[in-house]
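Basis for what follows: all heavy atoms, side chains included, without hydrogens, waters or symmetry-related copies. Every chain is numbered from 1, with letters handed out A, B, ... down the list of sequences.
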Amino acid sequence: MEVSSVPMLAASRFLPAPPPLAPPSCSRRNLPCVRAVPQTVEAPEAPNPPRSSPRRSAVAEVKASANPVAALTRFEDVLQTQDCNIILRHCGDARRWDDLSKVFEWMQEREMTNAASYSSYFKYLGLSRNPARVLQVRFDSSFKLYDEMIREGLTPDPFTYSTLLSGCMKFKQGYTKAMGLINELNSRGLQMDSVIYGTLLAICASHNYCEEAEVYFQKMKDEGHTPNLFHYSSLLNAYSENANHEKAELLMKDLRSSGLTPNEVILNTLLKVYSKGGLFEKAKELLSELEASGFAQDEMPYSILIDGLVKGGKIQEATMLFNEMKEKGVKSDGYAFSIMISALHRGGHRQESKQLAKEFEAENATYDLVLLQCKGLSPSIQNNRRYAYKGLSIERDGYAFSIMISALHRGGHRQESKQLAKEFEAENATYDLVMLNTSLRSYCSTNDMDSVMSLLKKMDDSNVSPDNITFNTLIRYSKRIVPKSLHEKALGILVSAGLLKDAYVIVKDNAELISPRSLEKFAKSFMASGNINLINDVMKALNHSGWRISQDIFGRAIERYIRKPDKKQLLLCLLDWMTGQGYSVDSSSRNLLLKNAHIFGQTQLIAEVLSKQQAASRTIGQRHKK
DNA sequence: GGCTGTAATT
């Protein structure tokens with residue numbers, strides 16, 4: 001594979017005289033470069049090819065071509081890998097995603113890729129206008145590419161890991177994936193640097209791994225990296241998820257004493273901490289500070305506080321702040337509007353919500369797709385349908401389609417909604433889970449059972465497995481229409497996602513349709529980490545299904561109760577109930593209980609209940625023997 | 001030459 005003179009590319013920009021050969025390192029990190037070329041053997045690349053060089057003009061021609069692949073093929077013998085990289089980046093910068101992939105494939109076929117090609121391609125795959133779906137697809141393919149890169153014998157460098165890690169931020173499994181990457185990075189003997197730590201902290205924050213973020217922050221310091229504002233803001237953001245304002249304030253102190261000055265991002269993040277924590281007085285004070293320092297010229301700080309107020313049930317105050325923001329002439333791109341529109345709609349203030357939607361519509365010629373999803377907007381859709389259609393036909397984006405299909409459906413335009421769905425299918429587009437879930441929601445909310453059923457069938461046909469969102473939607477809106485075969489699947493997904501309360505709803509209503517194995521798995525998880533107050537209800541539901549609860553499950557419940565002595569009432573209820581149903585605890589749980597009975601302050605009572613239980617089970621046992 | 005932080009919707 002051709003990788004020779006890549007490092008020279010940057011240097012070659014410095015005209016006219018090329019400096020002496022740079023040391024063979026990826027300068028910023030002082031780490032060995034990927035597949036570092038033995039510089040002694042390699043002749044330095046000719047300085048910048050003159051303007052008239054065939055390579056240069058070939059690159060220019062390919063860049064300008066409407067069909068880059070054909071053009072590439074014409075210049076196959078002239079172009080080198082780094083030239084192709086320039087073309088690849090050109091397609092990416094121009095957001096010509098199709099061309100981007102085609103050029104990359106072309107390069108792969110000719111083995112004209114190097115680590116930089118992969119990194120660039122990763123980056124552009126990760127870029128998108130915003131639909132989560134597209135991102136997900138590109139994210140997955142980044143990892144496929146990464147595997148391929150390894151297969152082709154290329155060695156990932158810290159930049160490769162950085163790039164892949166940055167893709168982990170937005171995804172559900174991102175944290176796990178990131179940990180895998182970090183392990184690999186370590187096992188290759190590569191060092192984590194400041195940027196990688198920054199990315200990692202951001203991943204922790206966006207996945208609510210607060211303690212892990214703290215550990216990495218410390219580890220990074222221990223390794224001699226001085227935290228910068230990126231690191232501080234990410235850790236602060238991790239604190240904001242749980243609204244941990246004490247820690248946030250300590251961190252701010254630490255930041256200031258390390259000589260850094262909080263910038264706009266830091267202050268906005270701190271505002272998020274206060275806002276999520278319901279510390280509205282502090283938040284307002286901070287907002288004034290932001291205003292005074294000229295950091296409140298866009299709607300972000302207002303949006304943060306408005307959102308906090310809305311979620312704290314203070315819709316009145318939110319409205320006031322929203323109006324204040326408008327009076328100050330702060331321009332809204334739609335964030336603050338969409339928060340207010342959906343808040344008013346949810347709060348039953350339909351009229352005001354619609355009014356606000358109209359206001360936004362009047363000032364902004366077109367709706368953003370995101371705004372279309374705010375439920376108050378359905379009546380206005382017709383006015384904007386053409387725009388949306390146009391947007392769709394340009395982008396061929398299934399996500400946009402699904403939003404429109406749902407919005408039309410919700411607005412009562414059933415025929416048009418179906419028409420659009422047909423159009424989408426006619427374009428050979430395939431449905432993905434986000435789209436199907438979006439449609440499902442709107443069918444459920446309008447009680448359109450026929451559409452729900454055909455959608456579930458579509459889901460099966462297109463081999464898309466339902467996820468917890470699918471099932472939550474189905475559970476919330478229409479328990480009765482869930483096809484029986486799906487219960488088992490639903491339960492499995494919910495249990496492994498840790499959504500035990502939702503799982504319990506399924507078990508409660510459908511336990512008799514679920515296999516003992518799944519019930520057992522659910523029960524184990526629930527006893528370990530489900531809501532302790534529901535444990536007894538879960539036992540009853542399980543028993544009601546006709547499934548015989550194992551002693552192991554009871555044992556787990558008892559262990560759980562022992563860890564929470566203030567729930568002794570529930571424990572006693574459980575033991576009583578067990579006796580009534582002919583269940584008994586096994587000997588090890590029995591001993592455990594007797595040993596710990598004192599922590600409940602009920603030594604006597606517990607011993608009595610247990611012996612009653614034992615006696616009852618003996619009688620039943622004898623009855624069974626006869 | 002590719003990498004790090006703040007807001008709404010799904």
query: Do the side chain of Asn263(A) and the base of dG5(B) come within less than 3.5 angstrom through a donor-acceptor pair of N or O atoms?
result: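 Such a pair is found, so the answer is yes.
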
What is the distance from [atom1] of [X] to [atom2] of [N], rounded to the nearest Å?
| X | N | atom1 | atom2 | answer |
| --- | --- | --- | --- | --- |
| Tyr274(A) | dA7(B) | OH | P | 17 Å |
| Asp307(A) | dT9(B) | CG | C1' | 11 Å |
| Arg346(A) | dT10(B) | CZ | P | 9 Å |
| Arg89(A) | dG2(B) | CZ | C1' | 8 Å |
| Ile341(A) | dT10(B) | CD1 | P | 14 Å |
| Lys272(A) | dA7(B) | NZ | C1' | 8 Å |
| Leu154(A) | dG2(B) | CG | P | 18 Å |
| Lys311(A) | dT9(B) | NZ | P | 5 Å |

task: Check whether more than 12 heavy atoms from other residues, nucleotides or ligands sit under 6.0 Å from atom NZ of Lys326(A), and answer yes or no.
output: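 Count over threshold, so yes.
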
Residues forming a side-chain contact (heavy atoms from CB on, under 4.5 Å) with Ala343(A), sequence neighbours excluded: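 Counting only residues at least two positions away or on another chain, Ala343(A) forms a side-chain contact (heavy atoms from CB on, under 4.5 Å) with Val310(A), Ile315(A), Arg346(A).
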
field: Euclidean distance, Leu286(A) CG relative to Leu271(A) CG, rounded to 0.5 Å
entry: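 That separation rounds to 5.0 Å.
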
query: Under 4.0 Å between a side-chain N/O of Asn237(A) and OP1 or OP2 of dT6(B), yes or no?
result: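 So the side-chain polar atoms of Asn237(A) do come within 4.0 Å of the phosphate oxygens OP1 or OP2 of dT6(B), strictly under.
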
- request: Indicate the ring-plane relationship of His207(A) and Tyr175(A), choosing parallel, tilted or perpendicular according to the 30° and 60° boundaries.
  value: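 Tilted.
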
- prompt: Looking only at atom types and distance, does a side-chain atom of Ser206(A) sit under 3.5 Å from a main-chain N or O of Met169(A), one as donor and one as acceptor?
  reply: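 Side chain of Ser206(A) to backbone of Met169(A): a pair is present.
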
[options]: which one has an atom nearest the side-chain heavy atoms of [X]?
| X | options | result |
| --- | --- | --- |
| Ser119(A) | dA7(B), dT4(B), dG2(B) | dG2(B) |
| Asn268(A) | dT10(B), dT6(B), dG5(B) | dT6(B) |
| Thr269(A) | dT6(B), dT10(B), dT4(B) | dT6(B) |
| Thr438(A) | dA7(B), dT10(B), dG5(B) | dT10(B) |
| Met300(A) | dT6(B), dG5(B), dG2(B) | dT6(B) |

query: Checking all strands, does Met340(A) fall into the base, sugar-phosphate, or nothing category for heavy-atom contacts under 4.0 angstrom?
result: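 The answer is nothing, as Met340(A) stays clear of every strand by at least 4.0 Å.
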
- prompt: For DNA chain B, which residues in residues 206-229 of chain A have a heavy atom at a distance below 4.0 Å?
  reply: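 Residues of residues 206-229 of chain A that come under 4.0 Å of DNA chain B are, in numerical order, Leu229(A).
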
message: If stacking means aromatic ring centre less than 5.5 angstrom from the base's six-membered ring centre, planes under 30°, is Tyr335(A) stacked on dA7(B)?
response: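 Answer is yes, a stack.
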
- request: Please collect all salt bridge (charged side-chain N to carboxylate O under 4.0 Å, His left out) contacts where either partner lies in residues 291-304 of chain A, sequence neighbours excluded, each pair once.
  value: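 Sorted pair list: Glu291(A)-Lys328(A).
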
query: If we ignore angles and hydrogens, is there a donor and acceptor under 3.5 Å between the side chains of Asp222(A) and Gln218(A)?
result: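 Their side chains do contain a donor-acceptor pair, which is all the 3.5 Å distance test asks for.
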
